[in-house]
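Here's the structure we're looking at; comments come further down.
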2 protein chains.
Amino acid sequence: MTKAPGHGGQPSPRDGRLSSPAPRVRLVDVAREAGLSKTTVSAALNGTGRLSPEVRERARETARSMGYRPNATARQLRAGRARLIGYVVGELADVPWTFLESPYFARLTGATAATALGRGYAMVLLPAGSLQSEWSALPLDAVIVADPVADDRIVDDLLAARIPVFSDRSVEGRPGAHWVDVDATAAVHRTLDHFLDQGARRPALVVPDSTTRFHREVFAAHHDWCAAHGLPELAVRAAEPGNGPVVRAVETALTGLPERPDALLVVAEASPPLVLDAARRHGYEVPGDLLLACVSEDETALHTEPRVTTLSLRPDAVAEAGIEHLVAVLEHGRVETGGTLVPVRLDVRASSVRPSGHPAPPPQPPCTSSPPT
Amino acid sequence: MTKAPGHGGQPSPRDGRLSSPAPRVRLVDVAREAGLSKTTVSAALNGTGRLSPEVRERARETARSMGYRPNATARQLRAGRARLIGYVVGELADVPWTFLESPYFARLTGATAATALGRGYAMVLLPAGSLQSEWSALPLDAVIVADPVADDRIVDDLLAARIPVFSDRSVEGRPGAHWVDVDATAAVHRTLDHFLDQGARRPALVVPDSTTRFHREVFAAHHDWCAAHGLPELAVRAAEPGNGPVVRAVETALTGLPERPDALLVVAEASPPLVLDAARRHGYEVPGDLLLACVSEDETALHTEPRVTTLSLRPDAVAEAGIEHLVAVLEHGRVETGGTLVPVRLDVRASSVRPSGHPAPPPQPPCTSSPPT
DNA sequence: ATGAAAGCGCTAACAC
DNA sequence: GTGTTAGCGCTTTCAT
């Protein structure tokens with residue numbers, strides 16, 4: 001029964017028996033060996049207190065030679081916090097963990113973990129729709145809930161447990177909850193304005209039918225923009241995120257709408273090459289017949305022909321703003337800040353630039369559905 | 001200066017002052033309120049000890065009404081372990097965190113976190129090439145190191161800190177290190193056999209030039225297979241992983257080798273649609289002129305025309321085997337097990353099936369390089 | 001059946 | 001300068 005310690009010293013008696021798994025070196029062991037007290041060694045190791053340089057050095061040397069490694073849990077207990085934060089992505093709660101397969105969330109996750117670690121916080125991954133039992137045993141200083149869906153209990157549960165929550169604007173106003181969000185409205189308006197600039201008059205939108213704040217705001221922003229510009233509201237909601245459903249929604253947008261669109265904004269994590277292929281299969285030339293822009297962090301957009309215009313939701317910036325905010329709240333008690341809105345970035349590439357010499361198409365032929373392949 | 005507690009009770013005096021951040025309810029508070037001792041309440045809550053049903057119920061009720069939540073850190077200290085594991089991906093140590101953008105690692109990461117959580121372990125994300133300082137403050141029971149590169153110090157550092165390491169076969173034989181690996185040789189041989197079955201005689205390989213055990217083994221397996229079958233060894237090493245470099249390597253394989261390949265195995269996380277496009281740009285019809293298979297977990301392979309044959313490295317199975325092994329070691333002291341080899345899965349789709357009526361190309365025309373676009 | 005007390009390993013007041 | 005001591009909040013012998 002070899003015990004693999006890894007971290008903590010068992011509460012079992014430290015027997016000097018042979019074949020034991022080498023009981024872990026404790027602070028007191030170092031102190032005894034060096035002929036000093038725990039206090040002195042602790043101060044020496046932490047660089048605190050007023051110690052003579054010789055003693056400090058001796059303590060350090062002894063600790064090193066004995067292979068001493070402080071017990072993290074004991075320190076945490078003493079410190080009153082564990083510098084540990086949880087991270088959940090709400091979207092796709094029915095298929096937990098798939099979020100990592102989305103380039104946006106992959107980047108958001110990586111950037112959040114990186115930024116947090118830079119500020120001294122480790123990040124544990126939690127599943128969407130996570131239950132109390134899955135996180136209640138963890139000493140979480142806070143939890144980040146990315147894009148919660150409307151019916152996820154997790155935010156309530158966390159707040160009830162008095163764990164600070166950092167999420168999107170949907171938690172605005174709730175005590176203990178803080179937010180950072182992407183400026184979805186600006187994102188949509190900006191892209192549609194760009195389409196308009198390029199001569200498009202029938203821009204269509206594809207967006208997943210999710211209860212995420214982001215997707216709802218996107219839908220609303222598109223609606224408003226179309227109304228404001230007196231243009232037809234051409235929108236298709238994908239049954240769910242994922243390449244299959246989104247590509248199908250794209251096909252619907254291209255062939256099944258009352259008007260044949262001359263521009264397409266895909267606000268869903270679909271693979272840009274697949275979207276491009278779908279357009280071609282349905283007889284659209286990009287950008288000649290159709291201006292294309294995708295909300296995506298997928299770098300494959302750079303390797304297609306033509307390259308695909310993308311709207312980056314700036315996951316790195318979101319992560320940084322979030323952790324910054326989190327640290328401010330946790331370490332300086334800042335609570336008054338309303339939240340942070342992160343601007344998006346439109347990377348215009350060939351797919352959404354009307355080729356010169358290619359005139360804008362004639363105004364609104366009622367419905368020119370092209371035969372599907 | 002509002003303190004956001006989240007988890008631990010500060011060592012500061014519990015003052016009854018107003019406007020304080022509501023000091024956290026401790027076990028002793030519940031005990032006092034219920035007129036019981038800490039012991040009894042603890043036993044009641046944990047379902048241990050021999051307590052009268054009434055007392056147990058009373059304790060529970062009091063705890064609930066007071067909103068008592070046990071302090072996780074204190075429990076961990078008592079228990080001697082934190083049920084926390086670290087997770088690092090070695091590959092791409094120069095661009096830490098990008099690993100999540102690879103579908104394989106995204107799935108491996110998600111599946112590992114999910115399986116671990118199912119066994120009661122939370123998983124913290126660590127960056128490739130992580131330094132001591134980034135994890136030494138964490139009470140890690142073990143660390144999973146996925147695909148370490150040859151020069152990464154992390155495995156040594158962890159073992160020196162007596163933290164059990166779970167990694168790939170490259171750590172075999174080192175005390176405290178355990179492994180689970182993908183059967184890379186079988187993967188390559190199986191795919192090449194499949195190509196051979198379909199009539200290919202000049203299969204080419206594209207693999208990143210990394211010091212990962214997996215990639216080295218793939219390269220060696222290909223070499224051996226070609227030698228054993230008396231076929232030319234057509235291999236191109238991509239300078240690094242990532243769509244750009246891999247697509248360029250694919251182009252080299254299609255146009256710059258001594259022989260024009262009639263099959264292509266891409267062992268790198270490139271987007272299947274992009275690989276397909278590259279082949280077409282260079283005048284190959286798939287599967288007519290070129291059989292194509294990609295090592296990939298990317299579901300876009302299902303949405304191309306033709307669908308792309310993929311070789312799945314079974315990240316879910318790897319994760320499960322790894323966590324199973326980890327639990328066995330940590331909780332039952334199993335140390336004798338050598339390791340686990342996870343088989344791969346070849347999903348044959350249209351891209352690697354020679355169309356009927358399409359004869360195998362004539363034997364070896366020396367070099368028929370087609371003009372690049 | 002219930003409670004008192006020890007102690008997990010560490011840090012920080014506070015003596016000396 | 002250095003050591004003694006008192007906890008952080010919890011679980012668990014061991015008395016009663």
Side-chain angles (χ1 to χ4, degrees), chain A residues 3 5-14 23-32 34-59 62-63 66 68-83 136-139 141, chain B residues 3 5-14 23-32 34-59 63 66 68-83 136-139:
Chain A
K3 265 279 174 41
H7 153 60
Q10 269 343 62
S12 62
R14 286 166 294 302
R24 196 183 164 117
V25 180
R26 289 141 32 258
L27 188 63
V28 63
D29 299 321
V30 178
R32 192 168 347 183
L36 296 166
S37 76
K38 292 197 309 178
T39 313
T40 307
V41 178
S42 173
L45 264 32
N46 294 333
T48 59
R50 310 129 312 192
L51 268 49
S52 73
E54 305 84 52
V55 170
R56 174 154 284 162
E57 191 43 49
R58 178 151 56 95
T62 311
M66 297 179 74
Y68 169 71
R69 302 186 29 77
N71 180 310
T73 303
R75 284 185 150 176
Q76 293 175 358
L77 181 59
R78 195 60 248 270
R81 57 203 173 67
R83 301 197 79 97
S136 60
L138 294 167
D141 294 341
Chain B
K3 265 280 175 40
H7 151 61
Q10 270 342 63
S12 62
R14 287 166 292 302
R24 196 183 164 119
V25 180
R26 288 138 36 257
L27 187 62
V28 63
D29 299 321
V30 178
R32 191 166 343 169
L36 296 166
S37 76
K38 291 197 307 177
T39 313
T40 307
V41 177
S42 173
L45 264 33
N46 294 332
T48 60
R50 310 131 310 197
L51 268 50
S52 72
E54 305 83 53
V55 169
R56 174 153 285 162
E57 193 41 50
R58 179 152 55 95
M66 296 179 74
Y68 169 71
R69 302 188 24 80
N71 180 310
T73 303
R75 284 186 150 175
Q76 293 174 359
L77 181 60
R78 198 51 252 262
R81 55 201 175 65
R83 302 196 78 96
S136 59
L138 295 167

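Reminder, nothing fancy here: chain letters follow the sequence lines and each chain counts from 1.
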Separation of [X] atom [atom1] from [N] atom [atom2], in whole Å?
| X | N | atom1 | atom2 | answer |
| --- | --- | --- | --- | --- |
| B:Met66 | D:dG9 | CE | C1' | 15 Å |
| B:Leu36 | C:dA1 | CG | C1' | 11 Å |
| B:Glu57 | C:dA1 | CD | P | 18 Å |
| B:Leu138 | C:dC10 | CG | C1' | 17 Å |
| B:Arg26 | D:dC8 | CZ | C1' | 10 Å |
| B:Arg24 | D:dC8 | CZ | C1' | 13 Å |
| B:Leu27 | D:dG7 | CG | P | 18 Å |
| B:Leu51 | D:dT11 | CG | P | 14 Å |

**Report entry** Side chain proximity check, B:Tyr68 to B:Leu27, heavy atoms < 4.5 angstrom
**Finding:** yes
Query - Side-chain heavy-atom pair A:Arg81, A:Pro139 within 4.5 angstrom cut-off - result: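 They are not in side-chain contact.
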Query raised in the report: So, is B:Arg75 near the phosphate of D:dG9, with a side-chain N or O under 4.0 Å from OP1 or OP2?
Result: no
Requested in this report: Please check the phosphate of C:dC8 (OP1 and OP2 only) for any side-chain N or O of A:Thr73 closer than 4.0 Å.
Outcome: no
Report task. Kindly point out which of C:dA4, C:dA1, C:dC10 is positioned nearest to the side chain of B:Ser52? Result -> C:dA1
Requested in this report: Ignoring the backbone of B:Val55, work out which of D:dC10, D:dG9, C:dT2 is nearest its side chain.
Outcome: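 Comparing D:dC10, D:dG9, C:dT2 against the side chain of B:Val55, the answer is C:dT2.
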**Report entry** Those residues that, when tested against A:Arg83, pass salt bridge (charged side-chain N to carboxylate O under 4.0 Å, His left out) (two or more places apart)
**Finding:** A:Glu331
Query - Terminal axis angle for the helix from C:dA1-D:dT16 to C:dC16-D:dG1, five pairs an end, nearest 10 degrees - result: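 The helix from C:dA1-D:dT16 to C:dC16-D:dG1 shows an end-to-end axis angle of 50°.
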Using side-chain hydrogen bond (donor to acceptor under 3.5 Å, both in side chains) as the criterion, list what pairs up with [X], not counting sequence neighbours.
| X | value |
| --- | --- |
| B:Arg56 | none |
| B:Thr40 | B:Ser37 |
| A:Thr39 | none |

Using the test side chain to side chain contact (heavy atoms under 4.5 Å, CB included), find all partners of [X] that sit at least two apart in sequence or belong to another chain.
| X | value |
| --- | --- |
| A:Thr62 | A:Val30, A:Glu33, A:Ala34, A:Arg58, A:Met66 |
| A:Arg75 | A:Asn46, A:Pro70 |
| B:Ala137 | none |

Can you name the atoms? Protein N/O to nucleotides 12-16 of chain D N/O, anything below 3.5 Å, with the distance.
{"residue": "D:dT12", "atom": "O4'", "partner": "B:Arg78", "partner atom": "NH1", "Å": "3.3"}
{"residue": "D:dT12", "atom": "O4", "partner": "B:Thr39", "partner atom": "OG1", "Å": "3.0"}

